[in-house]
Amino acid sequence: MLLCLLNISKQGKISMKKAIVILFLVMFGMVSMTAIVSADSKTGQKIFKKKFRKKCGFSGVKFSRHHTQSEWKELWEGGKFKEEAKKICPRLKIEEIKESWWEHLYDFSYQHASDGVVPEC
């Protein structure tokens with residue numbers, strides 16, 4: 001089937017242009033998939049600024065400094081991260097936060113925990 005898609009000639013040759021296009025598409029697919037799959041602390045910081053800051057009344061740094069990295073990790077692995085976010089930010093409506101954003105928020109909280117890295121503004 002792949003051979004039909006590539007339209008390989010009877011001699012088994014493929015044009016250089018098609019080979020380059022296929023190689024480019026494969027590389028683009030690999031790069032974009034890794035970006036989609038992994039969570040990102042900077043994305044978590046942006047989400048906090050947009051969705052949490054007004055409801056919480058304080059910055060993401062103050063939020064993340066409520067716990068150490070090991071405590072954040074324990075909350076995440078125990079499935080208690082959302083509950084803890086609600087406890088820290090009582091006016092937060094968990095339903096308004098997309099499910100896909102929580103991992104980014106966790107990564108931000110973990111990285112900038114009280115024993116972690118101080119984020120850039």
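For the numbers below, each heavy atom of this structure counts, side chains included, while hydrogens, waters and symmetry mates do not. Along the sequence shown, the residues carry numbers beginning at 1.
From K46, atom NZ reaches atom OG of S41 across 10.5 Å, with rounding to the nearest 0.5 Å. Once rounded to the nearest 0.5 Å, the distance linking CD1 of I94 with CD of E83 reads 7.5 Å. Put simply, NZ on K50 and CD on Q45 are 13.5 Å apart, with the number rounded to the nearest 0.5 Å. Distance NE2/H104 to CG/D40: 7.0 Å, rounded to 0.5 Å. Distance check: K93 NZ to K55 NZ gives 4.5 Å after rounding to the nearest 0.5 Å. Remark: F48 CZ to L105 CG distance equals 8.5 Å, nearest 0.5 Å.
For NZ of K80, the number of neighbouring non-hydrogen atoms (other residues, nucleotides, ligands) closer than 6.0 Å is 12 at most.
Contact annotation: the side chain of H67 never approaches that of Y110 to less than 4.5 Å [non-hydrogen atoms, C-beta and beyond]. Within the 4.5 Å cutoff, no side-chain heavy atoms of F52 are placed close to those of I88. Between E71 and E84, every side-chain heavy-atom pair lies at or beyond the 4.5 Å cut-off. Between F63 and H112, every side-chain heavy-atom pair lies at or beyond the 4.5 Å cut-off. Using a 4.5 Å heavy-atom threshold, the side chains of D107 and T43 count as separate.
The shortest heavy-atom contact between G60 and F108 is O-CE2, 3.4 Å. Heavy atoms only, all atoms of each residue included: R53 and S59 are closest at NH2-CB, 4.0 Å. Contact between W102 and A85 at its shortest, heavy atoms only, is CZ3-CB, 4.1 Å.
A salt bridge links E99 with K82: the distance from a Lys NZ or Arg NE/NH1/NH2 to an Asp or Glu carboxylate oxygen falls below 4.0 Å.
Ring geometry for Y106 versus F81: interplanar angle over 60°, hence perpendicular rather than tilted (30 to 60°).
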